[in-house]
Amino acid sequence: MDFHLVDAFTDQAFAGNPAGVVVLEQPADARWMQQVAAEMKHSETAFVVNTGEGAKSLRWFTPTDEVSLCGHATIAVTHVLGGHQVYETLSGQLTCTKADGWIDMDFPADPPVETGENLSHILDAPVKFTGRTRENLFAVLESVEAVQNAKPDLAALLGTWTGRLIITARGDDFVSRFFGPGVGVDEDPVTGSAHCSLAPYWAEQLGKTTLVGQQISARGGTVRTEIRDDRVLLRGKAVTVLSGELYV
């Protein structure tokens, strides 16, 4: 089985978000995929059944859990396979295209619903807006610096609803960080799926449908976004760092 390590949402090696990509000839056992993801220790490892023409089965695993949507690992898979791809996933059918060095992904929008809940036990910083997406807590902070300097209490976050949190603030368009101890990822370097929530929120706030998100983790990365009705087009680049074979 072919294995690739790809840095996603970047055009430079050792930046963006690393993802494992395992290319299968037929579906694999979920327990085995989870073991491989735990061995790889990346925030996500993607498993794609490369059946040639037609939609391909695609699944994503953190070191501890299977997740329903992952943007950076989907960028990584499409970077490896190339061309126009259709994937069958837990989030429905996803369409991706690689052309001229860019990868476009058509994902479902997931705007946050305001809850007003108190996150002071997690974030020691003023919060302007709190909400929930399908699987994440969502908090808007006062400034880029507040997002950059945030040190969430991960133990407290782990005890919440799903143990996942997006924090964001206005930037050139917007900046963000993502924390997911609930799925075994303390901080994810660049989170494509989070932009399915960030893009519609900031599109409404800023009055425009095309925006650039900067995820300001230590590695950092750029996600270009465009709102199309109830869908979000995510755009990014990727770099292959390593290719080899799995023997087990």
Side-chain angles (χ1 to χ4, degrees), residues 8-9 17-20 30-31 33-34 37-38 40-47 58-75 89-92 94 105 107-125 127-141 146-147 150-169 174-202 213 215-217 221 223 225 230-232 234:
F9 292 119
N17 199 353
R31 182 173 178 272
M33 288 188 284
Q34 186 63 76
M40 297 305 162
K41 295 182 175 62
H42 304 303
S43 56
E44 266 88 16
T45 299
F47 298 82
L58 175 61
R59 296 171 73 174
W60 309 277
F61 290 78
T62 77
T64 62
D65 295 271
E66 183 172 13
V67 295
S68 60
L69 186 64
C70 178
H72 86 278
T74 305
I75 283 262
T89 78
L90 291 177
S91 290
L94 305 177
M105 304 188 296
F107 275 20
D110 184 19
V113 176
E114 186 170 7
T115 61
E117 58 195 293
N118 185 355
L119 299 181
S120 61
H121 64 301
I122 298 170
L123 288 166
D124 186 20
V127 177
K128 298 174 62 175
F129 170 96
T130 55
R132 291 188 180 196
T133 70
R134 292 190 187 99
E135 296 181 325
N136 304 310
L137 295 169
F138 188 99
V140 180
L141 306 189
V147 172
K151 296 180 180 179
D153 184 331
L154 297 180
L157 177 57
L158 185 59
T160 64
W161 175 45
T162 60
R164 291 186 267 188
L165 171 66
I166 301 165
I167 62 173
T168 184
F174 62 89
V175 301
S176 68
R177 291 171 69 190
F178 177 87
F179 303 90
V183 288
V185 180
D186 286 351
E187 181 171 4
D188 194 34
V190 192
T191 314
S193 59
H195 287 74
C196 296
S197 305
L198 290 159
Y201 175 83
W202 286 110
Q215 194 151 335
I216 52 175
S217 64
V223 184
T225 71
D230 62 347
R231 309 288 293 183
V232 179
L234 304 179

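All figures in this text were calculated on a predicted structure; none of them were measured in a lab.
Checked against ring-ring contact (aromatic ring centres under 6.0 Å, His included), F138 has the following partners two or more places apart in sequence or in another chain: Y201.
Between P189 and H72, the closest side-chain pair of non-hydrogen atoms is not below 4.5 Å. Residues S120 and V127 fail the side-chain proximity criterion, which asks for heavy atoms closer than 4.5 Å. Counting heavy atoms from C-beta on, the side chains of L157 and L137 come closer than 4.5 Å. Taking 4.5 Å as the limit, every side-chain heavy atom of P112 sits out of range of all side-chain heavy atoms of R132. Within the 4.5 Å cutoff, the side chain of L69 has no heavy atoms near those of the R134 side chain. Contact annotation: the side chain of V232 never approaches that of H195 to less than 4.5 Å [non-hydrogen atoms, C-beta and beyond].
Side chains of W202 and T168: a donor-acceptor N/O pair is present below 3.5 angstrom, by distance only. Neither side chain, W60 nor T89, offers a donor N or O lying under 3.5 Å from an acceptor on the other. Side-chain contact check for E187 and S217: no donor-acceptor pair (N or O, by modelled atom type) lies under 3.5 Å.
Not one N or O on the side chain of T225 forms a donor-acceptor pair closer than 3.5 Å with the backbone of A199. With hydrogens and angles ignored, the 3.5 Å screen pairs no side-chain donor or acceptor of S68 with any backbone N or O of S91. Checking side-chain atoms of R177 against main-chain N and O of V147 turns up a donor-acceptor pair under 3.5 Å.
Closest approach of T45 to A37, counting heavy atoms only: OG1-CA, 3.9 Å. Minimum heavy-atom separation, R231 to L94: NH2-CD2, 4.2 Å. Taking every heavy atom of both residues into account, C196 and L234 meet most closely at SG-CD1, 4.3 Å. Closest of all the heavy-atom pairs between L141 and A146 is CD1-O, 3.7 Å. I166 approaches S197 most closely through the heavy-atom pair CD1-CB, 4.4 Å. Among all heavy-atom pairs drawn from L90 and E66, the shortest one is CD1-OE2, 3.7 Å.
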Test log, rule side chain to side chain contact (heavy atoms under 4.5 Å, CB included), inputs I167 and F179: CA-CA 8 Å; I167 62 173; F179 303 90; 3.8 Å; yes
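More than 12 heavy atoms of other residues, nucleotides or ligands sit less than 6.0 Å from atom CG of D186.
The one candidate from T74, V183, V67, T191 that meets the side chain to side chain contact (heavy atoms under 4.5 Å, CB included) condition with E44 is V67.
Put simply, OG1 on T133 and CZ on R164 are 8.0 Å apart, with the number rounded to the nearest 0.5 Å.
The aromatic rings of F47 and F61 lie perpendicular to each other, with more than 60° between the two planes, well past the 30° mark.
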